[in-house]
Amino acid sequence: MRMNKARWIGYWTTTVVLGFVWISGGGADLIHRDGTEGGMVALGYPTYVLTILGFWKILGALAILAPKFPLVKEWAYAGTFFELTGAFASHLASHSAVSHLIYTGTFVLCAIASWALRPADRMLDIPALRRLRPTDDHTSVRAPVPTA
């Protein structure tokens, strides 16, 4: 099944943004870039957490951008969502500048949109959820799958 053009554009726009943020941010985390390390210290986290996050961000970006591997993709999206919402909560709790909340909030929305708009070949094929997937024939849900 082919995706409609608007959905395809939305998926790839949010996915490329997310991939870029994860690869560049993961690289900055791995090399303990000064600004990144300073931000982690300001939030009250030990700097060794940067190495852990950087490693998983890069792997998560590769999983989300690569074709196939829907189960790995689900885990990558889940990890992305947990990391970004955790970052948002950390910035909120530590009274960071509003710009940090805007950036992390925007990236949370990109992750949600990328996950929701992904094509069928990048989704787990779970029969019970199949009828909830959007179709491209201008209906919001598929007709229920008949059972024997």
Side-chain angles (χ1 to χ4, degrees), residues 1-33 35-37 39-40 43 45 48-94 96-148:
M1 175 185 348
R2 296 196 49 180
M3 295 174 73
N4 70 36
K5 191 171 184 172
R7 184 182 174 103
W8 185 88
I9 291 169
Y11 168 73
W12 279 110
T13 300
T14 57
T15 303
V16 167
V17 167
L18 194 59
F20 173 77
V21 167
W22 250 201
I23 290 172
S24 63
D29 290 352
L30 285 174
I31 65 170
H32 289 235
R33 206 187 94 211
T36 305
E37 192 169 279
M40 193 61 99
L43 291 173
Y45 293 106
Y48 69 82
V49 172
L50 287 169
T51 304
I52 298 166
L53 289 176
F55 175 77
W56 287 113
K57 284 178 184 179
I58 290 172
L59 288 181
L62 295 175
I64 288 170
L65 292 169
K68 312 284 185 210
F69 309 108
L71 181 60
V72 175
K73 237 175 249 319
E74 289 294 329
W75 281 89
Y77 276 115
T80 296
F81 181 78
F82 296 145
E83 196 282 337
L84 286 169
T85 55
F88 186 88
S90 294
H91 285 298
L92 192 61
S94 66
S96 295
V98 172
S99 62
H100 291 291
L101 297 173
I102 292 169
Y103 289 133
T104 54
T106 300
F107 297 140
V108 168
L109 295 176
C110 278
I112 292 168
S114 174
W115 177 83
L117 296 172
R118 69 199 190 284
D121 67 338
R122 291 174 178 250
M123 295 181 186
L124 282 177
D125 189 21
I126 301 172
L129 298 178
R130 213 178 281 153
R131 64 186 171 91
L132 298 176
R133 291 188 185 147
T135 63
D136 291 328
D137 62 358
H138 306 294
T139 59
S140 60
V141 294
R142 292 180 185 208
V145 177
T147 56

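Since the model is a prediction, treat every value here as computed from it, not as a measurement.
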Visitor: Tell me the side chain to side chain donor-acceptor pair (under 3.5 Å) pairs involving residues 16-28, sequence neighbours left out?
Guide: Trp22-Thr80
Visitor: For the pair Tyr11 and Arg122, evaluate side-chain hydrogen bond (donor to acceptor under 3.5 Å, both in side chains) and give the outcome as yes or no after the intermediate values.
Guide: CA-CA 11 Å; Tyr11 168 73; Arg122 291 174 178 250; 3.1 Å; yes
Visitor: Distance from Phe107 atom CZ to Ile112 atom CD1, nearest 0.5 Å?
Guide: 14.0 Å
Visitor: How far does CG of Leu62 sit from CD1 of Ile23, to the nearest 0.5 angstrom?
Guide: 5.5 Å
Visitor: Which heavy atom of Gly19 sits nearest to which heavy atom of Ala61, and what is that distance?
Guide: O-CB, 3.9 Å
Visitor: To the closest 0.5 Å, what do you measure between CG (Leu65) and CG (Leu18)?
Guide: 8.0 Å
Visitor: Indicate the atoms forming the closest heavy-atom contact of Pro70 with Leu124, along with that distance.
Guide: CB-N, 3.7 Å
Visitor: Using only atom types and a distance under 3.5 Å, with no angle test, would you say the side chain of Lys73 pairs donor to acceptor with the backbone of Ala66?
Guide: yes
Visitor: How many angstroms lie between CD1 in Ile52 and CD in Glu83, if you round to the nearest 0.5 Å?
Guide: 12.0 Å
Visitor: Give a yes or no on whether the backbone of Gly86 and the side-chain of Ser90 come within a donor-acceptor separation of less than 3.5 Å.
Guide: yes
Visitor: Under the side chain to side chain contact (heavy atoms under 4.5 Å, CB included) criterion, do Leu30 and Thr51 qualify, and how do the steps go?
Guide: CA-CA 5 Å; Leu30 285 174; Thr51 304; 4.2 Å; yes
Visitor: Which atoms form the tightest heavy-atom contact between Leu117 and Arg7, and what is the distance?
Guide: O-NE, 3.5 Å
Visitor: Closest approach of Thr36 and Ala28, non-hydrogen atoms and distance?
Guide: OG1-CB, 3.6 Å
Visitor: Grab the two heavy atoms, one from Cys110 and one from Thr14, that are nearest each other, plus how far apart they are.
Guide: O-CB, 3.6 Å
Visitor: Distance check, rounded to the nearest 0.5 Å: Leu92 atom CG versus Thr85 atom OG1?
Guide: 12.0 Å
Visitor: Taking atom OG1 of Thr106 and atom OH of Tyr103, what is their separation to the nearest 0.5 Å?
Guide: 9.0 Å
Visitor: Looking only at non-hydrogen atoms, find the nearest pair between Tyr77 and Ser114 and report the distance.
Guide: OH-OG, 2.5 Å
Visitor: I need the full list of side chain to side chain donor-acceptor pair (under 3.5 Å) pairs touching residues 55-70, with sequence neighbours left out, sorted by first then second residue.
Guide: Asp29-Lys57
